[in-house]
Amino acid sequence: MSGVPQGIDALVDRLRTTYARVSPEEAAAARRDEGALLIDIRYQALRERDGLIPGAVVVERNELEWRLDPQGSHRLHEATGHDLRVVVICNEGYASTLAAASLHGLGLHRATDLTGGFQAWKAAGLPVAPPEAAARP
């Protein structure tokens, strides 16, 4: 390894320059107009506390790459190709940046994340469903 170590804040800032993030309204429009796949990577306690985005697919963060790799043996049936539009959603929009960058590494060049995460979605007044409505792979 060469160079000066990079902290997590600098890494996240750098990764965010490599793709266009989306607002809650843009994510909702991408799902509605483009059939984008909304992926909720929040852990269970947050989903139970705050609810879910209707239609979002819950994929635990440690399963994300396995589930969305179009060539993977454990992929979701929705993960049909590298042109898939994916919006990754975490709680506040930090972990989702790292997750979206990882999906780019798998060739999912249209992957992005939700600026502000689930909390921004909820604050924007967009639909939220109770936790029992979760769609799991």
Side-chain angles (χ1 to χ4, degrees):
M1 198 166 151
S2 63
V4 177
Q6 182 177 36
I8 189 64
D9 294 328
L11 175 62
V12 167
D13 288 345
R14 182 180 59 77
L15 291 173
R16 287 177 175 170
T17 68
T18 64
Y19 65 91
R21 301 177 79 209
V22 295
S23 70
E25 295 80 9
E26 290 168 327
R31 180 180 56 196
R32 181 186 64 241
D33 301 340
E34 303 173 46
L37 188 59
L38 303 185
I39 301 291
D40 186 342
I41 64 169
R42 293 176 302 141
Y43 54 89
Q44 184 175 351
L46 290 176
R47 295 190 311 265
E48 289 174 356
R49 182 188 77 188
D50 295 335
L52 304 156
I53 295 171
V57 178
V58 173
V59 177
E60 298 289 338
R61 175 61 189 98
N62 63 324
E63 297 178 359
L64 183 69
E65 291 81 1
W66 297 104
R67 296 299 196 177
L68 291 180
D69 179 1
Q71 299 173 347
S73 58
H74 299 294
R75 71 177 178 83
L76 295 172
H77 70 274
E78 295 94 341
T80 56
H82 290 96
D83 284 337
L84 180 65
R85 179 73 162 145
V86 176
V87 179
V88 182
I89 302 162
C90 67
N91 193 50
E92 294 182 344
Y94 296 98
S96 57
T97 294
L98 299 171
S102 181
L103 294 178
H104 279 253
L106 290 175
L108 292 159
H109 62 94
R110 297 181 67 209
T112 188
D113 74 311
L114 179 61
T115 302
F118 178 86
Q119 296 305 321
W121 178 279
K122 188 174 178 181
L126 292 166
V128 174
E132 58 272 9
R136 287 202 43 96

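Nothing fancy with the numbering, it's 1 onward along the sequence.
Here the closest heavy-atom approach between residue Glu65 and residue Ser102 is recorded as OE2-OG, 2.6 Å. Contact between His109 and His82 at its shortest, heavy atoms only, is CD2-O, 3.4 Å. When all heavy atoms are compared, the tightest approach of Arg85 to Val22 is NH2-CG1, 3.6 Å. Scanning all heavy atoms of the two residues, the minimum distance from Leu98 to Arg61 falls at O-NH2, 4.3 Å. Looking at every heavy atom in both residues, Ala95 comes nearest to Cys90 through N-SG, 3.6 Å. Among all heavy-atom pairs drawn from Glu34 and Arg110, the shortest one is OE1-NH2, 2.8 Å.
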Next on the checklist: Let's go through Asp113 and Tyr19 carefully: what are the C-alpha distance in whole Å and the side-chain angles of both, what is the deciding distance for side chain to side chain contact (heavy atoms under 4.5 Å, CB included) to 0.1 Å, and is it a yes or a no?
Outcome noted: CA-CA 9 Å; Asp113 74 311; Tyr19 65 91; 2.8 Å; yes
Next on the checklist: side chain to side chain contact (heavy atoms under 4.5 Å, CB included), that's the test. Do Arg31 and Val87 meet it? Break it down for me.
Outcome noted: CA-CA 9 Å; Arg31 180 180 56 196; Val87 179; over 6 Å; no
Checklist entry - Can you list the steps and then say if Leu106 with Leu68 is a side chain to side chain contact (heavy atoms under 4.5 Å, CB included)? => result CA-CA 9 Å; Leu106 290 175; Leu68 291 180; 5.7 Å; no
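For the atom pair OG1 of Thr18 and CZ of Arg21, the computed distance is 10.5 Å after rounding to the nearest 0.5 Å. Atom-to-atom distance recorded for Arg16:CZ and Thr115:OG1 is 7.0 Å, nearest 0.5 angstrom.
At a threshold of 4.0 Å, the pair Arg75-Asp69 does not count as salt-bridged, since none of the basic side-chain nitrogens sits closer than that to a carboxylate oxygen.
Exactly one residue among Leu126, Asp50, Ile41, Leu52 makes a side-chain contact (heavy atoms from CB on, under 4.5 Å) with Phe118. That residue is Asp50. Here the options are Arg47, Arg42, Gln119, the test is side-chain hydrogen bond (donor to acceptor under 3.5 Å, both in side chains), and the partner is Asn91; only Gln119 passes.
Leu37 and Leu108 fall within a single hydrophobic cluster, where Ile, Leu, Val, Met, Phe, Trp and Tyr are joined by side-chain heavy atoms under 4.5 Å apart, directly or via other members. Criterion: ILVMFWY side-chain heavy atoms under 4.5 Å apart, direct or through other members. Under it, Trp66 and Val88 are not part of a common hydrophobic cluster. Cluster annotation: Leu38 is not connected to Leu84 through the hydrophobic network of ILVMFWY side chains, with a link wherever side-chain heavy atoms come within less than 4.5 Å. By the rule that hydrophobic residues join a cluster once side-chain heavy atoms approach within less than 4.5 Å of another member, Leu103 and Leu15 end up as members of separate clusters. No continuous path of ILVMFWY side-chain contacts below 4.5 Å connects Leu46 to Val59, so the two sit in separate hydrophobic clusters.
The environment of Gln44 atom CD is sparse: at most 12 non-hydrogen atoms of other residues, nucleotides or ligands sit within 6.0 angstrom.
A donor-acceptor pair is defined here as one N or O able to donate and one able to accept, closer than 3.5 Å; no such pair exists between the side chain of Trp121 and the backbone of Gly116.
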